[in-house]
2 protein chains.
Amino acid sequence: MRTGEAAVLEAHGIKPSAQRVAIADYVLHTDEHPSADEVWERVKRVFPMVSRATVYNTLNLFVAKGLLRHLVLTEGRLVFDSNVDKHHHFIDEETGKIYDLPWDTLEVSRVEQLKGFDVRDYQVLVRGKKRRTRGAR
Amino acid sequence: MRTGEAAVLEAHGIKPSAQRVAIADYVLHTDEHPSADEVWERVKRVFPMVSRATVYNTLNLFVAKGLLRHLVLTEGRLVFDSNVDKHHHFIDEETGKIYDLPWDTLEVSRVEQLKGFDVRDYQVLVRGKKRRTRGAR
DNA sequence: TCTAAACTTAGACTATGTCTAATGTATGAG
DNA sequence: CTCATACATTAGACATAGTCTAAGTTTAGA
């Protein structure tokens, strides 16, 4: 278990309890875009008594404090993304897996000229099939 | 109630029952991006005995037959979109309302050059606040 | 140590969506 | 026309994701 997590939490104004550190330890270091229940399953391995409510509360707290984003990209699942920088997403329609696309691989023109809308944020959502490339994640 | 709906359903290989026509009558002519339960509420006004399962089955059937798209854009809601042409979406973060953005108001570059991905479809997802413009919806 | 605030827990609750078994309806063959 | 069959519809049970609540536990400070 990494001990640096506690410091990260404190830096964001979050009191670092044991449960919160365990959750942070997984969710801040994965690129798997887990759902809340997946986080729960994972955290229970190292912390069997943790309750569902705690995991949900903690994840929502992390989102409120800017440590995570939540995404609503796939059916029936609210997933979390530890990459809080701007980026796009690719969804593999066969596996449901979500991949981050770096911000500058795509370029969107004319977003700022949208009439009647104050744009706060945007991203491109790409769907399709990931090619099999061994070694790639 | 428009009678042309039955012909539209048949043209897509769907047997036009009374319930299905009533559902089509609402959902194919709205730009409100309703959720399944919203469709149910609406259809019950003119067809009080319709069951939840029928509405869900019918909407899924329409999606399978290409009459509708379903979108997973907002938290906890799978919404339906009768606009099956390519277009982008704007989500008002205050009201949760979804607006269609015509395809050519935005332009995305370099989508086809994505390495390792077969792109089947993409759209831009814009979030922010809609300006109040009386008369516009 | 004692107390108050904050955190965690188990489980009830809500909402959304699916499934099933039984019933209803439409249609074509006889 | 009647029956048989296939398909549609129904009510309600079930599943899943997420929230809420009340009670218990921890923590930090006086």
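Below, chain A is the first sequence line, B the second, and so on; all start at residue 1.
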Note to self: By nearest atom, which of the nucleotides D:dT10, C:dT8, C:dA10 is closest to the B:Q19 side chain?
What the structure shows: D:dT10
Checklist line | Nearest-angstrom distance from the residue atom CD1 of A:I23 to C1' of C:dT9 | finding: 13 Å
Notebook entry, point to check: Rounded to whole angstrom units, what separation is found between the CE atom of A:M49 and the C1' atom of C:dC7?
Noted result: 15 Å
Next item on the list: Using a cut-off of strictly less than 4.0 Å between a heavy atom of the residue and any atom of DNA chain C, enumerate the qualifying residues of residues 55-65 of chain A by number.
Entry: none
Margin query: Which nucleotide wins on minimum distance to the side chain of A:S17, given the candidates C:dC19, C:dT8, C:dA10?
Written below: C:dT8
Checklist line | Inter- and intrachain pairs under ring pair (Phe, Tyr, Trp, His ring centres under 6.0 Å), touching residues 103-129 of chain B, at least two apart | finding: A:F90-B:F117, A:Y99-B:F117, B:H88-B:W103, B:W103-B:Y122
Check: Just checking A:T54: base, sugar-phosphate only, or nothing, at a heavy-atom cut-off of under 4.0 Å?
Finding: base
Notebook entry, point to check: Roughly how many Å is it from CH2 in B:W40 to C1' in C:dG17, rounded to a whole number?
Noted result: 12 Å
Any N/O pairs under 3.5 Å between the protein and nucleotides 22-27 of chain C? List them or say none.
none

What side-chain donor-acceptor pairs closer than 3.5 Å can you find for residues 12-19 of chain A, not counting sequence neighbours?
unit_1	atom_1	unit_2	atom_2	d
A:H12	ND1	A:V8	O	3.0
A:S17	OG	A:R20	N	3.2

Check: How long is the line joining CD of A:E10 and P of C:dC7, in whole Å?
Finding: 12 Å
Check: Pairs in or reaching into residues 47-67 of chain A: which pass salt bridge (Lys or Arg N to Asp or Glu O under 4.0 Å), with residues at least two apart or in two chains?
Finding: A:D37-A:R52
Item checked: B:T105 side-chain N/O to B:P102 backbone N/O, donor-acceptor pair under 3.5 Å -> yes
Note to self: Rounded to whole Å, please give me the gap between NZ in B:K44 and P in D:dT9.
What the structure shows: 16 Å
Checklist line | Base D:dG12 to side chain B:R52, donor-acceptor N/O within 3.5 Å cut-off | finding: no
Next item on the list: Using atom CG of B:L9 as one end and atom C1' of D:dC7 as the other, report the distance to the nearest whole Å.
Entry: 15 Å
Next item on the list: Go through C:dA10, D:dG12, C:dC7 for me and flag the one nearest to the B:A53 side chain.
Entry: D:dG12
Note to self: Which residues pass the side chain to side chain donor-acceptor pair (under 3.5 Å) test with B:S51, not counting sequence neighbours?
What the structure shows: B:T54
Checklist line | Listed once per pair and sorted, the salt bridge (Lys or Arg N to Asp or Glu O under 4.0 Å) pairs that draw on residues 88-102 of chain B, sequence neighbours left out | finding: A:R120-B:E93
Checklist line | Contacts of type side chain to side chain donor-acceptor pair (under 3.5 Å), residue A:D121, not counting sequence neighbours | finding: none
Notebook entry, point to check: Taking side chain as C-beta onward, heavy atoms only, is A:E32 less than 4.5 Å from A:Y26?
Noted result: yes
Notebook entry, point to check: Rounded to the nearest Å, what distance is computed from the NE2 atom of residue B:H70 to the P atom of nucleotide C:dT16?
Noted result: 17 Å
Check: What residues form a ring-ring contact (aromatic ring centres under 6.0 Å, His included) with A:H89, not counting sequence neighbours?
Finding: A:H33, A:H87
Item checked: Length of the CZ-P vector between A:F47 and D:dT26, whole Å -> 10 Å
